[in-house]
Amino acid sequence: MKQSTGIKAAVAVVAILVIGVVGAFKFLEKIDNGYVGVRYSMNGGIKDEALTQGVKFVGIDKVIQYPIRLQTIQAKNVSVSTSDGKKTTINIKYDYKVDPTKAAKMYKEFGNITSEDIESGWLKSKLQKVAREVYAKYSLLDVLSGDSSKVEAAVLESFSKSVESKGFLVEDVTLGVPDVDAETQKSIDAIIRAGQENEKAKLDAETAKTQADSEAYKKTKAAEAEADSNKKVADSVTDELIRYTEAQAREKHGWVTVNGANTVVTDQGK
């Protein structure tokens, strides 16, 4: 009899433990690192204060978690059309996180759906709309050449503004290379090659001009140096120098007398 009573007590203890463990899992919620939780009560509605990371007692309330650390999302094969009528697809990567002060508002906006559902639904739709609007302002050649950074910056700015009010903070956008057919790629390559050749011709012309300017500068400096030298020589010829040179000549050659146009007589005796 005592043995039977002991078995019943043990079973009761085990049952209580099982109920306690199940209850713990049922009434406790673990908020992951880098997330906040929004708590929804069947009686009181949405709690404005978000739950921070850790294990929280929530009773029978529902909890949705949103990422407040940076998330990297890849949107593939986004269809766009450029200003020159070229249709293409691109891959877009963006980094975002949720503003923790707007987590409760986000729950009110989107209801009981996860951040992954929002990424593949509302956020993707906004990104596609923004990408189409931006790409429509540029030609395909612009997108593939020097204006690609401008396109990327425009998409980032417009996308950030379009989702910020809902509590999404977009920090970076990276655009992939547009997918084009072989014929279009051939035309683009030809245009780019022609542009490169044009730039090379300009560079060659500028180089030739620079060399010509350099030679002209050298000649000018040489002429200036020669003129300066001649001036110094002319300035050094004084009356005293002339008389001294004349005296040296007379001492060596005597007096020089000119008779007629072509006769020179040297008189050594003078």
If you look only at distance, which donor and acceptor atoms sit under 3.5 Å apart when one is on a side chain in residues 167-178 and the other is two or more places apart or in another chain?
| residue | atom | partner | partner atom | Å |
| --- | --- | --- | --- | --- |
| E171 | OE2 | K97 | NZ | 3.4 |

Give me the atom names and distance for the closest heavy-atom approach of S139 to S83. N-OG, 3.1 Å
Quick one: does T89's side chain have a donor or acceptor within less than 3.5 Å of a partner on V78's backbone? no
For E119, enumerate each residue passing the side chain to side chain donor-acceptor pair (under 3.5 Å) test, keeping only those at least two apart in sequence or located in another chain. Y96
Any Y138 side-chain heavy atom under 4.5 Å of T82 side chain: no
Separation of S162 OG from L123 CG (nearest 0.5 Å): 8.5 Å
Under the salt bridge (Lys or Arg N to Asp or Glu O under 4.0 Å) rule, collect the residues that match up with K166, sequence neighbours excluded. E109
How about V98 and Y35: do any of their side-chain heavy atoms sit closer than 4.5 Å? no
Is the backbone of L144 close enough, under 3.5 Å, to the side chain of S148 for a donor and an acceptor to pair up by distance? no
Pairwise side-chain contact, F159 with Y94, heavy-atom cut-off 4.5 Å (strictly under): yes
On a heavy-atom basis, the closest approach of Y66 and A103 is CE1-O, 3.8 Å
Of all heavy-atom pairs linking S120 and D117, the shortest is OG-O, 3.2 Å
Sequence neighbours excluded, which residues qualify as side chain to side chain donor-acceptor pair (under 3.5 Å) partners of K129? E133
Answer with yes or no whether the hydrophobic clustering places I118 together with L70; edges join I, L, V, M, F, W, Y residues whose side-chain heavy atoms lie under 4.5 Å apart. no
Side chain to side chain contact (heavy atoms under 4.5 Å, CB included) partner of I92, chosen from L127, V130, I73: L127
Sequence neighbours excluded, the answer for salt bridge (Lys or Arg N to Asp or Glu O under 4.0 Å) partners of E164 is none
Do D147 and K150 have side-chain heavy atoms sitting under 4.5 Å apart? yes
Approximate separation, where rounding is to 0.5 Å, of K86 NZ and S81 OG: 11.5 Å
Just how far is it from atom CD1 of I90 to atom CG of D179, taken to the nearest 0.5 Å? 11.0 Å
Quick check for you: to the nearest 0.5 Å, what is the distance between S160 atom OG and K126 atom NZ? 13.0 Å
Contacts of N77 that satisfy side chain to side chain donor-acceptor pair (under 3.5 Å) - sequence neighbours left out: none
NZ of K102 to OG of S165, rounded to nearest 0.5 Å, is 7.0 Å
Are D95 and T72 linked by a side-chain donor-acceptor pair shorter than 3.5 Å? yes
